[in-house]
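Because the structure is a prediction, the values reported are computed rather than measured. Chain identifiers are assigned alphabetically (A, B, ...) following the order of the sequence lines, protein sequences preceding nucleic acid strands; residue numbering begins at 1 within each chain.
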Amino acid sequence: MRTSQLLLPTLREDPGEAETVSHRLMLRAGLIRKVAAGIYTYLPLGLRTIRKVETIIRQEMNRAGAQELLMPIASPAELWKETGRWDYYGKELIRFKDRHERDFCLGPTHEEVITDLFRREVRSYRQLPLNFYQIQTKFRDEIRPRFGLMRGREFIMKDAYSFDADETDAKASYQKMYDAYTRIFTRCGLTFRAVEADTGLIGGEVSHEFMVLADTGEATVVYSNQGTYAANVERAEVLPPTEADTSPQRPLTAISTPQRRTVDEVTRFLKIAPRQLVKTLLYKAEKETIAVLIRGDHDVNEVKLARLLRVTEVELASPEVVKTLTASPLGFAGPVGLRNVRILADHAVKSMRNFVVGANQADTHYVDANWNRDFTIDQFADLRNAQSGDPSPRGEGTLTLAKGIEVGQVFLLGTKYSKSMNATILDDQGKERLAIMGCYGIGVGRTAAAAIEQNHDDKGIIWPFPIAPFHVHLLPLGQSSAVADATTNLYATLQQAGLEVLWDDRDERAGVKFNDADLIGAPFQVIVGDKGLAEGLLEIKARKTGEKIKVGPADVPMKILQLASLMHSSR
RNA sequence: CGGGGCGUAGCGCAGCCCGGUAGCGCGCCUGCUUUGGGAGCAGGAUGUCGGAGGUUCAAAUCCUCUCGCCCCGACCA
């Protein structure tokens, strides 16, 4: 492709709207343009990379036995009402009415639609296992779209849905997808990690997220320095402490802590460590209010709390509720004398003695509080976020925290959707059974963005070969007929060798072409100039290393293919 | 939804406090020179100053409303 025939608006300066690397580079290199918040046009170059990611996904999904179909973007409310998600999904589900005032939504995911198809069309266990996938535009009205394609409202997703006759088969289907995902992200040139994950809005029993490790990631993952344990921090289990404080209990004493409300203020004032304090958080869980006790240096994990309480969501109680229940201003809530609420405590509290708590009285805390003596705890549980240095829940090594970009997630759903939508098949006894489902998503644009986060330098993108919009950027320098002839020939021979070539045929100075080429990030640049041609040589520059190799014109395609396959095998 | 910030030429920004009819850099167009890491000279085009209303002789600038975008937060009492 010649640049003169391509809409390729590169920007010299960073656009004001972009903060993160991938967002900035996608705009500067002319891959995307914003249409509205979280909604983008893919320009020709950006689309080429998107299509390549899709092709890799397609190949691996087909290879794993999934079959491609395409569902509609718009779907009727009735299906969503069957599973309860018409209400449950909340504002993220964008809704509209057609001309007959019928309710519709734009699909944020397609469990309902595929399950509806399945129950209409599939009768027998003999037809299973089945796995359907599509690559399609999704719409989720995100609270806060950001970072370009990283968190858009409209985005391209590959979603797959497996149907099996029993748990064993379903697990096999899940594992197939897990393996396919591993191949897909490896082929895309990403450094990633599969981590245990929470199942969130989608639901189900088992789930893994595929995380591309990058500082700009929105998710936090923990992984063990030994063994294979890795999990999203939302999910990561925390073991109860093995040692308990056995020092003698001192008498409970109220002390004045004027205006000291936060953990930081109180511990500073009392000259104690945060780990000697127990904070009391009041949570609203559907209709109930719950008190959660947590060590001062720990964070409540609301996902764990919600799961324990068997509710979909918890949120901190409003200041009014807190004031009423504790009969005191904010900042002084404590378990001693707290009535009318259940008191839950994180495991870590169990091993503590003589700790500080709020006194449910203005400007007052208790020191030397002890559970069971001064107040009763209804239940101990794992309620905190894992921290760096915590022992691995699998008993091997300690945990480290890292940031990750979630590019894919796989779920073993069980019967969550087949049950609510009555998707059944007949088993070998002629008995009706619910299909066991799994679902599997990949963010296509996000995968491309994550690749940029992991592969760039201060000059621009450094595309992994398999998803580069072009393999070779052909850069003729100067206007001599020797350069023109050599370039024309080379363009043809490179293409004959199966390489995708972007030919910069603009009448620009060398510096402009070099800088644009570095920005766009094709893995190889081929420089055709009078200087080299005088010696009968051309230059191949590897974008990643900056290394330049001089070769004769006839050897260029072969040399590039060689270098590319080296790049592959070194991964 | 809360807090902060920003909307002025295609892009990046100044001008706004202190009202007087819009500017800089890059890009774009024409010509000449130049041509291996973002060229030089000369000439040129481009703005309903996000929108609506108000104050004023006069509004990019002051006031009110509104729309859009970005960032942080939406959890620790």
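For G37(B), the base has a donor-acceptor partner in the side chain of D518(A) [N/O atoms by modelled type, under 3.5 angstrom]. Not a single donor-acceptor pair, N or O on each side, falls under 3.5 Å between the base of G38(B) and the side chain of E508(A). Counting distance only, with no hydrogens placed and no angle test, the side-chain atoms of K459(A) and the base atoms of G38(B) include no donor-acceptor pair under 3.5 Å.
Across residues 25-34 of chain A, R28(A), K34(A) each have a non-hydrogen atom less than 4.0 Å from an atom of RNA chain B (numbered order). Proximity of residues 349-381 of chain A to RNA chain B (heavy atom under 4.0 angstrom from any strand atom) is not detected for any residue.
Between D457(A) and R543(A), at least one side-chain nitrogen of the basic residue sits less than 4.0 Å from a carboxylate oxygen of the acidic one, meeting the salt-bridge criterion. The pair E315(A)-K284(A) counts as a salt bridge, with a side-chain nitrogen and a carboxylate oxygen less than 4.0 angstrom apart. By the 4.0 Å N-to-carboxylate-O rule, E500(A) lies close enough to R48(A) to be salt-bridged with it.
Remark: K459(A) engages no residue in a salt bridge (Lys or Arg N to Asp or Glu O under 4.0 Å) (not counting sequence neighbours).
When the nucleotides A39(B), C72(B), C75(B) are ranked by their closest atom to the side chain of F147(A), C72(B) comes out on top. You'll find that the side chain of R509(A) is closest to A39(B), out of C70(B), A39(B), C75(B). Side-chain proximity of R12(A) to the nucleotides A39(B), G38(B), G36(B) is greatest for G38(B). Of the candidates C11(B), C75(B), G37(B), the closest approach to any side-chain atom of F514(A) belongs to G37(B).
Not less than 6.0 angstrom separates the ring centroid of F524(A) from the ring centroid of H471(A).
As judged by a 4.0 angstrom heavy-atom cut-off over every strand, I143(A) is placed among the base-contacting residues. At the heavy-atom level, T326(A) lies nowhere under 4.0 Å from the strands shown.
Shortest non-hydrogen contact noted between A254(A) and T364(A) is CB-CG2, 4.1 Å.
Side chain to side chain, K403(A) and T220(A) meet the donor-acceptor criterion of an N or O pair below 3.5 Å. With hydrogens and angles left out, the side-chain atoms of D518(A) and Q525(A) include a donor and acceptor closer than 3.5 Å.
The side chain of R144(A) contributes no N or O atom lying less than 4.0 Å from OP1 or OP2 of C70(B).
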